[in-house]
Amino acid sequence: MPVISPSKTPMPVADAKERAKTFREVNFGYDPRRAMQEADRCLRCQDPTCQTGCPVNVPIREVIHLTSQRRFDDALALIKRFNSLPGVCGRVCPQENQCEGRCHVGDRFGPVGIGYIERFLADWERLHGSQPVEKAEPKGQKVAIVGSGPSGLTAAGDLNHMGYDVTVFEALHDAGGVLRYGIPEFRLPKDVLDDEINALVRAGVDIQCNVVFGKTLTLDQLMDEMGYEAVFIGTGAGLPRFMNLPGENLNGIYSSNEFLTRINLMGAYRFPDYDTPVKSGRRVAVIGAGNTAMDAARCAMRAGSEEVTVVYRRSEAEMTARVEEYEHAIEEGVQFKWLNNPIEFIDDGNGWVSGMRCQRMELGEPDEDGRRRPVPVPDSEFVLDVNNVIVSIGTSPNPLLSRTTPGLDTTKWGGLVAEDDTGQTSREGVFAGGDIVTGSATVILAAGAGKRAASAIDTYLSQKRGEAAEA
Ligand code: FAD
Ligand code: SF4
């Protein structure tokens, strides 16, 4: 092994005390010197296992090599052949479980900072202007994409690139899905997201917001009356789950979706400049320990709460949040109560929550998914004083679409049944992918599903074109 620095080139970050009061981005990003220094840590392996860890199969070794040669435009152009959202993915992908988790340098040292390099390249393009995207000859066939999250945007970008006439229909007033309404500004600035969406629009993708599929428009209308020959459904899993505990309807208890949507989509952190307020009391409890819980806790700190505690029924080892978000949350002052489970919410006498009764837990035998099951410790109840609670224990798909669309097979938990390799659903010409098929997952897995479906849609529509030509 050549001599390489044992740890990643550090990412400059905002001071923890300062940043915990503002929504400005926490990570500042690499400059060219840092990006090239980090790229020099790559071994250019014969078997680049990093690439096999990437759900959209970016040729990471080649991207890093181009970066080390200061060929930033070429490096980004190469990424973009595989991923239309590099500025987003460079910021929010759980690289530790994907590309970086399989990097050979990581066998002995800190892995190559692939995510940091990807982010640098995307930001470089934003600063220095983008290269024009080549587009195939128009195919004369229309494809509809329902939902503008990473799965829908990726499918739209790929199909547009192949020459299809693509329209994205989005229920909310702005595009981006969870990237817009869930992930906060301090992790993913909205101008980064806007730039990546605008690049798709400039390339020819039409995005129509405020269209609630299943209500404003149906699948049959799209296909029978409006001339769309294929549809991709990427409507995500945005319906919050609750625990059904006594007192859960009290004022001051939010789902993380509502709390984050108020802040991120409706601009509540800029209230009264924006119309939507958000209440984040002096003491806040966030229930759950995934990315969503971490975002809610860090937003509550920034919205002025003095004490924010994440309460989780399992231990730190079972937490599903990205490591970087967890570390940043600790630095910003978020507290953690592992192995504690809420069992009741207490009324202050005026209909507002004032406390959360909890029970201590210990870990028992592994359950079906291999994680050790939390088991209550007898006589261990206590009350946590709180003014707000944010419930962040997961989400499921909104049933609107499947209820109003005949012929679509669904799972027990309300997701759509679709083939893994193609996204093909039980209806001809209808494909699906992302959280609506897998349940809550990650941005890049959703993007990967959008990519596979785009390729399958191309195959399907090519066959149709062939049949039409023969007839
Ligand atoms: P979504 O992003 O959910 O987008 C679906 C879109 O469809 C939405 O815009 C919705 O409004 C629209 N829609 C729904 N129903 C209809 C309808 N009937 N008609 C029209 N439009 C409709 N993943 C990571 O990799 N890293 C992270 O750091 C990370 N952090 C997260 C933080 C939060 C707060 C949350 C909630 C999730 C996070 N995730 C993260 C998970 C990731 O964001 C999702 O897995 C991903 O966004 C799923 O993409 P999608 O395209 O399937 O759906
Ligand atoms: Fe470079 Fe790591 Fe990929 Fe090897 S596995 S090519 S060292 S990034």
Side-chain angles (χ1 to χ4, degrees), residues 4 39 41-54 59-65 88-89 91-95 97-100 102-107 111-114 117 145-155 168-184 187-188 208-217 233-240 256-257 259-261 264-265 290-296 299 321-322 324-325 392 394-395 397-398 400-402 404-405 432-447 449-450:
I4 54 166
R41 294 183 66 238
C42 173
L43 302 172
R44 282 198 265 150
C45 308
Q46 297 247 318
D47 62 330
T49 40
C50 50
Q51 185 171 341
T52 61
C54 173
I60 293 167
R61 179 183 57 188
E62 287 71 23
V63 167
I64 294 182
H65 185 48
V88 169
C89 292
R91 284 172 168 82
V92 307
C93 268
Q95 288 99 2
N97 304 325
Q98 297 174 346
C99 51
E100 294 182 20
R102 298 205 191 164
C103 167
H104 286 304
V105 175
D107 296 344
V112 176
I114 300 166
I117 293 175
I145 310 286
V146 187
S148 66
S151 65
L153 291 176
T154 302
V168 178
F169 297 99
E170 165 57 48
L172 297 175
H173 65 261
D174 217 342
V178 170
L179 309 176
R180 174 79 56 190
Y181 74 77
I183 302 183
R187 278 214 293 135
L188 176 60
Q208 296 196 12
C209 291
N210 300 312
V211 181
V212 185
F213 204 77
K215 220 173 187 178
T216 332
L217 204 61
I233 301 175
T235 45
L239 192 70
S256 53
N257 268 42
F259 184 72
L260 290 171
T261 301
N264 299 319
L265 182 70
N291 283 321
T292 315
M294 235 44 73
D295 283 340
C299 280
R322 287 185 66 206
E324 185 178 76
E325 308 320 326
S392 189
T395 51
N398 189 315
L400 177 69
L401 187 134
S402 48
T404 53
T405 311
D435 284 5
I436 181 82
V437 172
T438 56
S440 308
T442 65
V443 170
I444 196 70
L445 284 172

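Numbering starts at 1 and runs along the sequence shown. Numbering of ligands and ligand atoms starts at 1, following listing order.
- Below 3.5 Å of separation, one finds an N or O of Arg187 facing an N or O of ligand 1.
- Considering Thr235, Val437, Asn97 only, the shortest heavy-atom separation from atom 16 (C) of ligand 1 involves Thr235.
- Annotation for ligand 1: atoms under 4.0 Å from non-hydrogen atoms of Asp295 are 32 (C), 33 (C), 34 (C).
- Taking a 4.0 Å cut-off on heavy atoms, Pro94 registers as neighbouring ligand 1.
- By the 3.5 Å distance cut-off applied to N or O atoms, Asp435 is counted among the residues near ligand 1.
- Residue Arg322 has at least one heavy-atom neighbour below 4.0 Å for each of these atoms of ligand 1: 28 (O).
- Atoms of ligand 1 found under 4.0 Å from any heavy atom of Ser151, numbered from 1 in the order shown, are 50 (P), 51 (O), 52 (O).
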Which donor-acceptor pairs under 3.5 Å do the side chains of residues 437-447 make with protein atoms, sequence neighbours left out?
residue, atom, partner, partner atom, Å
Thr438, OG1, Gly434, O, 3.2
Ser440, OG, Thr395, OG1, 2.9
Thr442, OG1, Leu445, N, 3.2

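- Here is the list of ligand 1 atoms found below 4.0 Å of a heavy atom in Gly234: 5 (C), 6 (C), 7 (O).
- The shortest heavy-atom distance from Val212 to ligand 1 is under 4.0 Å.
- At least one N/O-N/O distance between Val443 and ligand 1 falls below 3.5 Å.
- Not a single N or O atom of Gly433, backbone or side chain, sits closer than 3.5 Å to an N or O atom of ligand 1.
- Backbone and side-chain nitrogen or oxygen atoms of Ala171 are examined, and one is located within less than 3.5 angstrom of a nitrogen or oxygen of ligand 1.
- Residue-ligand proximity, Val211 to ligand 1, at heavy-atom distances under 4.0 Å covers atoms 19 (N), 20 (C).
- Atom OG of residue Ser402 and atom CD1 of residue Ile436 lie 6.5 Å apart, to the nearest 0.5 angstrom.
- Between Leu400 and ligand 1, no N or O atom pair is found at a separation short of 3.5 Å.
- Close contacts of ligand 1 with Ile183, meaning ligand atoms under 4.0 Å from a residue heavy atom, involve 29 (C), 30 (N), 31 (C), 32 (C).
- The shortest N or O to N or O distance between Glu170 and ligand 1 is under 3.5 Å.
- Ligand 1 has an N or O atom lying under 3.5 Å from an N or O atom of Ala441, backbone or side chain.
- Summarising the contacts of atom 38 (C) of ligand 1 with Leu260, Val178, Val168, the nearest heavy atom is found in Val178.
- Atom 1 (Fe) of ligand 2 has Cys42 SG as its protein N, O or S neighbours under 2.8 Å.
- Short contacts between ligand 1 and Leu172, defined as distances under 4.0 Å to a heavy atom of the residue, involve ligand atoms 11 (O).
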